[in-house]
Q: 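If you scroll down you'll find the structure; I have some questions about it.
Residue numbers run from 1 in the order of the sequence given.
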Amino acid sequence: MSELTLTVMRLGFLAVLWLFVIVSIQVIRSDLFGTRVTQRTARRAEAQRPQQQRPQPQRQQQGGGGRRGRGGGRNAPTKLVVSEGSLTGTTVALQGQTITLGRAHDSTIVLDDDYASSRHARIYPDRDGQWIVEDLGSTNGTYLDRTRLTTPTPIPPGAPIRIGKTVIELRK
């Protein structure tokens, strides 16, 4: 083997080795330090303030237009409540927008749960006003009333949605 080939192979091996070390350090750093809880709380408070100010105009539009005749009635859920887990008591008003669940900073509900993926699941309304839960390819799965989700599934009000140790319910 020529000296040039041997030198290129050594440099390539060294580059791959350093890449492995850098990725390992990033993974360890994110596992040890993660995100600051104070930032999550502040972000969640900011995200909920505008949501609490918007429901009245949207309800007027729904009531006046009658667009959602089937699902927008009296039995439709109005809030998403965390009933178990580290965020117990957290409530998010349902206003027709998609709610994302996971460990990522930009999720609507940021789960501080070892069994949750960064983009774990989403809850969104369909055209009939029903709410749908969809697992986004999470490692540990999303469960609706003890059944692991494989396809987007309508959520009956009060049915528990389990993501790791966190349980979420739709309520009126």
Q: Within the structure provided, determine whether K172 and K79 are in side-chain contact (heavy-atom separation under 4.5 Å).
A: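 No, side chains not in contact.
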Q: If you compare all heavy atoms of T153 against all heavy atoms of T151, which two are closest, and at what distance to 0.1 Å?
A: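 In terms of heavy atoms, the two residues are closest at OG1-O, 2.8 Å.
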Q: Any heavy-atom pair between the side chains of P77 and R171 that's under 4.5 Å?
A: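 No - every pair of side-chain heavy atoms lies 4.5 Å or more apart.
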Q: Check the hydrophobic clustering (I, L, V, M, F, W, Y; side-chain heavy atoms under 4.5 Å; chains of links allowed) and say if I123 and V81 are grouped together.
A: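 No, it is not one cluster - the side chains of I123 and V81 are not joined through contacts under 4.5 Å.
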Q: Any idea which heavy atoms bring R103 and A116 closest together, and the distance?
A: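 Minimum heavy-atom separation between R103 and A116: CD-O, 2.8 Å.
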Q: Does anything in residues 135-146 pair up under side-chain hydrogen bond (donor to acceptor under 3.5 Å, both in side chains), and if so which pairs, sequence neighbours excluded?
A: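 side-chain hydrogen bond (donor to acceptor under 3.5 Å, both in side chains) check on residues 135-146 returns H120-S138, H120-T142, D135-S138, D135-T142.
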Q: Is L144 linked to L94 within one hydrophobic cluster, defined over Ile, Leu, Val, Met, Phe, Trp and Tyr using a side-chain heavy-atom separation of less than 4.5 Å?
A: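 Cluster IDs for L144 and L94 match.
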Q: Would a hydrophobic clustering, with Ile, Leu, Val, Met, Phe, Trp and Tyr connected at side-chain separations under 4.5 Å, put L14 with I25?
A: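 Yes, one cluster joins them.
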Q: Report the distance from atom CG of D126 to atom CH2 of W131, rounding to the nearest 0.5 Å.
A: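 It is 10.0 Å, given to the nearest 0.5 Å.
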Q: Does M1 form a side-chain contact (heavy atoms from CB on, under 4.5 Å) with M9? I'd like the steps, not just the answer.
A: CA-CA 11 Å; M1 224 186 290; M9 287 177 56; 3.9 Å; yes
Q: Between T166 and D113, is a side chain to side chain donor-acceptor pair (under 3.5 Å) present by the stated rule, with each step listed?
A: CA-CA 7 Å; T166 306; D113 191 327; 3.3 Å; yes
Q: Looking only at heavy atoms, which two atoms of A104 and R119 are closest? And how far apart?
A: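 Between these two residues, the closest heavy atoms are CB-NH1, 2.8 Å.
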Q: So for atom OH, which belongs to Y115, do other residues, nucleotides or ligands contribute more than 12 heavy atoms lying within a distance under 6.0 Å?
A: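 It does not: Y115 OH has 12 such atoms or fewer within range.
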Q: Distance from I163 atom CD1 to I168 atom CD1, nearest 0.5 Å?
A: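 Here the rounded value is 4.5 Å.
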Q: Out of curiosity, S118 OG to L111 CG, how far, rounded to the nearest 0.5 Å?
A: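 If we round to the nearest 0.5 Å, S118:OG and L111:CG are 11.0 Å apart.
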Q: Quick one: do K165 and D112 make a salt bridge, cutoff under 4.0 Å?
A: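 Salt bridge: no.
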Q: How long is the gap from OG on S2 to CG on L6, to the nearest 0.5 Å?
A: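 Going from the OG atom of S2 to the CG atom of L6 covers 8.0 Å.
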Q: Distance from L80 atom CG to I161 atom CD1, nearest 0.5 Å?
A: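 The CD1 atom of I161 is 6.5 Å from CG of L80, to the nearest 0.5 Å.
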Q: Tell me if a side-chain donor or acceptor on S107 pairs with a main-chain N or O of T100 at a distance below 3.5 Å.
A: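 Checking the backbone N and O of T100 against the side chain of S107, no donor-acceptor pair under 3.5 Å is found.
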Q: Could you work out, with side-chain hydrogen bond (donor to acceptor under 3.5 Å, both in side chains) as the rule, every residue matching E134, not counting sequence neighbours?
A: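 E134 satisfies side-chain hydrogen bond (donor to acceptor under 3.5 Å, both in side chains) with R122 only.
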Q: Please find the pair of heavy atoms, one from S83 and one from E169, that lie closest to each other, and give the distance.
A: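 Between these two residues, the closest heavy atoms are OG-OE2, 3.6 Å.
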Q: Under a single-linkage definition using a 4.5 Å side-chain heavy-atom cutoff for Ile, Leu, Val, Met, Phe, Trp and Tyr, are V167 and I99 assigned to the same hydrophobic cluster?
A: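 Cluster IDs for V167 and I99 differ.
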Q: Nearest 0.5 angstrom please: T98 OG1 to I132 CD1, how far?
A: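 Rounded to the nearest 0.5 Å, the OG1-CD1 separation comes to 11.0 Å.
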